[in-house]
Amino acid sequence: MGIPHLKKTVAAAALALACGGYAAAELRDDYVAVEPPNEDHPLTEIISGYEFRTDETRALQADDFENPGYLLLEEAMETWEEVDGAAGKSCASCHDDYEESMAGVGSTYPKVVDRDGEKVFTNIENQINHCRTEHMQADAWKYDKPDMLGMTILVRNVDRGEPVNVAIDGDAAPYFEKGEALYNQRVGQLDMACSNCHQDYYGMYIRADHLSQGQSNGFPTYRFKWSGVGSLHRRFSGCMKNIRAEPFSKGGEEFLALELYLGYRGQGLPVETPSVRN
Amino acid sequence: MLHRIIPILAAATLATTAQAGEVAPGDVKIVDGAIAASLTGEPGDAERGKAAFVGRKAGNCLACHVVTELLDEQQFHGEIGPPLDGVADIYSAAELRAQIVDSKVANPATIMPAFYRETGLNRVPDAFKGTILSAQQVEDIVAYLGTLKGE
């Protein structure tokens, strides 16, 4: 048919004319971007969601006393020492000082771990529950409940500022490929893929929302819209519901694979957990 | 319990099934980027079309398109697609109809949803089975777009 595909830049220029001054967050001139690790990487510059948010949102994230994610972290610092479960252990019984034992975890998960010869692909949440059920003989924590969110923040926060560095080769390769395929697969009644928004149009507005690259480096995150802290998989779920798609289950294999793919899309970004978003 | 479920199901099926005299989604033919005849056999209503164009649960076209004449009454127009000001000067009703029904026929890579297609979709919850817009809504939006002419 005759309808031409207007270039993004043309549409953007036209919009700037059409509604010149409406108050919204633009990327500042001095936004921080990271070089992709190689030429095959899907992005030409890797940008944290932080850069797309307003000054107020960014200021709240930067303030360790005001950032609500730190309340959960403080509770988790206590939980770390508390005995729970039939084995009579706390996290500290086996892992001692988390600043040391958990260094290098937050920036490298999800990953394939070796459990007595068995290779298991896991993220931090599922690993914590493995420790609770197998090593502590305690009940699993529910995804997205405060205990789990707080402990995940605690583990990831040890690596705050460290560059994301997930492995996608070797044992991780099939999970990475699966994640990449899911990222590019159209779903829902609106028939969109993650890539349609976060790859093709980041930096632009979709209605009132300033589209970012959909990076994972700040999760779990405090969101104004949730009036609380939520997991990465909760965000995946929300994005899928918005395009009228049936979300995959939190902690399940599809979201784990997507999580790994997102890690690689953000390879080199500093871990920001706990971030603040609108 | 039952009486709570039935209306929801009924609403969902209403949007799904083509009414008598309408062209069903599977029978629509896009020829040379156009659909010549109205999907309902009647011209649409521009006033209703504007509501369906704007409605977040209907077309939600402003998610991606700017329409300057709506800036006063509707905040936040998206910038994903081209502005639709003067679109009726460029395209015929038949071309606009095809763009709304299934823009992926012209451009398979587009982000713009196919508003009157119900096949080839993945992981659609039952509540959203069927087309996004009804044949009537498509025609009404075509009529509304027909009013978007240059000065």
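These numbers come from a predicted model, not from an experiment. Here is how names work: the chains are called A, B, and so on, in the same order as the sequence lines, proteins then strands, and each is numbered from 1.
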Would you indicate whether E69(B), at its atom CD, is surrounded by more than 12 heavy atoms from other residues, nucleotides or ligands within a distance under 6.0 Å? yes
Quick one: closest heavy-atom pair of F128(B) and Q189(A), and the distance? O-NE2, 3.1 Å
Tell me, for Q74(B) versus chain A, whether the close heavy atoms (under 4.5 Å) come from the side chain, the backbone, both or neither. side chain
Can you confirm whether D191(A) sits close enough to K104(B) that some side-chain heavy atom of one is under 4.5 Å from a side-chain heavy atom of the other? yes
Answer yes or no: does atom CG of D30(A) have more than 12 heavy-atom neighbours from other residues, nucleotides or ligands under 6.0 Å? yes
R48(B) meets the salt bridge (charged side-chain N to carboxylate O under 4.0 Å, His left out) criterion, sequence neighbours left out, with D140(B)
Using modelled atom types only, decide if a donor and an acceptor are shared between the side chain of R123(B) and the backbone of E246(A) within a distance under 3.5 Å. yes
Tell me, out of Q185(A), M240(A), M192(A), who's got the most heavy-atom pairs with chain B below 4.5 Å. M192(A)
Which one of I206(A), V187(A), I243(A) has the most heavy-atom pairs closer than 4.5 Å to chain B? I206(A)
Is R207(A) reaching over with its side chain to a backbone N or O of F76(B), donor-acceptor style, under 3.5 angstrom? yes
Exceeds 12 heavy-atom contacts within 6.0 angstrom, atom CD of E45(A): yes
Exam field: side chain N122(B) to backbone G188(A), donor-acceptor pair closer than 3.5 Å: no
Name the region of R117(B), side chain, backbone, both or neither, that has any atom closer than 4.5 Å to a heavy atom of chain A. side chain
Taken in chain and number order and not counting sequence neighbours, the residues that satisfy ring pair (Phe, Tyr, Trp, His ring centres under 6.0 Å) with F219(A) are none
Any donor-acceptor pair under 3.5 Å from E79(B) side chain to M204(A) backbone: no
Where do I111(B) and C197(A) come nearest, in terms of heavy atoms and distance? CD1-SG, 3.9 Å
